[in-house]
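Accompanying notes for the structure given below.
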Protein chains: 2
Amino acid sequence: MARNGTTVREVADRAGVSIATVSRVARGIGQVAPDTRRRVLSAIDDLGYRPSHLGRALVERRHAALGIVFPGLSGPYYTEVIGGFESEAIAARQSVLILGTHLLGHSDDQVMEIATRVDGLAIFGGTVATTSIQRLVASGLPTVLLASPPLAGASSVRSENRAAARRLTGHLLRVHGYRRIVFVGNPDRSPDVTERWRGFSDAFRDTNLEPPAEPVRSGLDQAAGLRAAADLLDADDPPRAMVCANDETAFGAYKSAAARGVRIPEDLAITGWDDLPLAELVSPPLTTVRQPMRELGALTARRLLAGIRHADDYPPDVVLNTELIIRASCGCREGASAAAGPPGSAVNADDNG
Amino acid sequence: MARNGTTVREVADRAGVSIATVSRVARGIGQVAPDTRRRVLSAIDDLGYRPSHLGRALVERRHAALGIVFPGLSGPYYTEVIGGFESEAIAARQSVLILGTHLLGHSDDQVMEIATRVDGLAIFGGTVATTSIQRLVASGLPTVLLASPPLAGASSVRSENRAAARRLTGHLLRVHGYRRIVFVGNPDRSPDVTERWRGFSDAFRDTNLEPPAEPVRSGLDQAAGLRAAADLLDADDPPRAMVCANDETAFGAYKSAAARGVRIPEDLAITGWDDLPLAELVSPPLTTVRQPMRELGALTARRLLAGIRHADDYPPDVVLNTELIIRASCGCREGASAAAGPPGSAVNADDNG
DNA sequence: TTGCCGCCTGTAAACGTTTACCGAAAAGGC
DNA sequence: GCCTTTTCGGTAAACGTTTACAGGCGGCAA
């Protein structure tokens, strides 16, 4: 009922009451005589009246909506996180606005735009300039950084990355003895990848080895992974192992390897990140790190809702545990897995990354 | 700037003008003396003023927003379609509201709710009761049914299903000579699946065979496919081929087969639908039907935008072509593909399914 | 000097709600 | 029967915009 919206006034006329009474009946608050209530209800029903959100939001000074900003990239990871977010928001009777920043330079404008339509905003790390985030926080809008460290006064919800990357890479270095290992991913584009790259380097230092100076920069989708892997495999000195920034990149690398007759893991070990449902279906099954994607989104929504109702007891920053999933693509035979964070504490209230 | 939003009045005070002048400057329309304009602009800048959407939308009687309703299920298919939709909407400077109907019975309420917040609404087939759709259409809200035939006066955007399913199943029946073929999917839950099931049955009649009386009902995600396939494979008379309603179901079936040592395609042929990026990565590569998922979403958004600006020349109903992708999971050796619709006409303006 | 015209800017109504406040009527206590 | 209390419901202001309308003022032609 948006276009020809029936208004409270029409209902009032038909029921022979004032608009105040209609409002009272519609909201179910205040004293209204049973008989009057019945008349109003039947008028509402006859006319198919639904209160306009605009009018209501204007006077109540709240939108009953949450927003989420994510990189235009789709892919299972974002879907899951957004799904968890949406699900939690709807359960709290909030609408959900989404904004993909499609690599447009001027998307900060669109972010400020969406900010005027919501009561709280979740922002994936790496999508919005710090100064814009500062402006949002300063304006008083509850803002949560998703998959990013706290920044510019905003709180954050993310998964543990660095320690898991360190264990994963350590596994390749020490259990399998690989030396020519590359990291495929761009640490500059996403805080998650930054941390994974750091953990990757940590593992080399743990083993008294010099970490690679540079990662192999690549986007996070399958096509980008395919290209990056193709370049690597066609070079003079192809790597023995690729630590990919996420599963999709790894899948792209699988494809490149298959096209060249490179065997996994005999000629090339590959690891991913996220543990998508398909990770155990590809052949060989992918060694990866599992992170609770839906929960990431759900917690973000809850954090936002707490901020909106000024529930300041809620932990400002949350770090979720990740889990190393060893399958066959690293060279292992058998499935074995290990928790990468302190077991039993699924949620940490501080940011000891 | 949502919480403590600076208002047009504060800007007016600071610039020493009336609110009308501020509005004129902010919108860049109407006559304003250069000197006044400068003063107002600097006041806007100083205060970080952004016009409230609420106020604007209320008086302009439009929300500058589009909505999309999808089944709570996530999964690559929905991601892609929603991504295409969002991308197109943002390009037209419209916000995007999403609503997953999480199998809640009372989600029709939420749909009516979101309807009061948008200028146009896209609805995935099978998510909303027909009577609710009728109410929306009657209210004058531009409404498009996605992946569904036209219904209740709403127009629709979808892919061709029936002919492609017929060709796919015909391929299994005639090229490979399989007879015990089952359809895995629930035709009652989604119009897409209904059509695929019909095409499946058509192919049997084409070959003068009796089609199976019933499909093997299953959800559309990997876990559901796994369960359905497990039941089938553990039964006394396992099928020779499974025509799965989508790729994810097929991936689940792969998993079930692998767990039981059933070989694909030697013991069991499997086909999917959607041609997800991973379809050619699993082993064996999946025979499937490709549909233009992003385009489906993008066209839906364009259809909605046309409806909003009363561009009635736009074709009301659109059917996109699909393409049969023959890989190895059906028993074929080599990749060969064939268009399932009339070649060259990517978009048909009527609904000759 | 007197109109007239065009440019600029202000006033006020409108969009659709919610709710504080007030008054009328009904109910209850003595 | 009168006063107090309660219940019910109406009036009007407020939320933040846009824009129709009108008015003031300067310039220009006669």
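Straight-line distance from the CD1 atom of A:I44 to the C1' atom of C:dG16: 14 Å, rounded to whole Å. A:R56 has its CZ atom 17 Å from the C1' atom of D:dA14, to the nearest Å. Remark: C1' of C:dA14 and CG of B:L54 are 16 Å apart, rounded to the nearest angstrom. Whole-Å rounding puts the A:D35 CG to D:dT7 P distance at 18 Å. Atoms CD1 (B:I29) and P (D:dA20) sit 9 Å apart, rounded to a whole Å. Rounded to whole angstrom, the span from the CD1 atom of A:I19 across to the C1' atom of D:dG10 amounts to 10 Å. A:L58 has its CG atom 13 Å from the P atom of D:dT18, to the nearest Å. One atom, CD of B:Q31, and another, P of D:dC21, lie 18 Å apart when rounded to the nearest Å.
When the nucleotides D:dG10, D:dT17, D:dG9 are ranked by their closest atom to the side chain of A:V32, D:dG9 comes out on top. For A:S52, the side-chain atoms get nearest to C:dT17 when compared with the rest of D:dT11, C:dT9, C:dT17. When distances run from any side-chain atom of B:A33 to the nucleotides D:dT17, C:dC8, D:dT7, the shortest one goes to C:dC8.
Using a 4.0 Å cut-off between a side-chain N of Lys or Arg and a carboxylate O of Asp or Glu, A:E295 and A:R303 do not qualify as a salt bridge.
Within the nucleic acid shown, B:E60 comes within 4.0 Å of sugar-phosphate atoms alone, with no base atom in reach, counting heavy atoms only. As judged by a 4.0 angstrom heavy-atom cut-off over every strand, A:R24 is placed among the base-contacting residues. Residue-level contact check: A:A20 touches the bases, meaning some heavy atom is under 4.0 Å from a base atom.
Counting only N and O atoms by type, the side chains of A:R117 and B:H53 include a donor and acceptor under 3.5 Å apart. B:S107 and B:T101 form no side-chain donor-acceptor contact under 3.5 Å, judged by distance and modelled atom types alone. Side-chain atoms of B:S132 and B:D108 form a donor-acceptor pair, as typed in the model, at a separation below 3.5 Å.
A close approach under 4.0 Å does occur between a side-chain nitrogen or oxygen of B:T36 and OP1 or OP2 of C:dT9. The phosphate of D:dT17 (OP1 or OP2) has no side-chain N or O of B:S23 nearer than 4.0 angstrom. Between B:T21 and C:dG10 there is a side-chain N or O to OP1 or OP2 distance below 4.0 Å. When the side-chain nitrogen and oxygen atoms of B:R27 are compared with OP1 and OP2 of D:dT17, none of them lie within a distance under 4.0 Å.
Counting all heavy atoms, side chain and backbone alike, A:A154 lies closest to A:T143 at CB-O, 3.8 Å.
Side-chain atoms of B:R61 and base atoms of C:dG16 include no donor and acceptor less than 3.5 Å apart.
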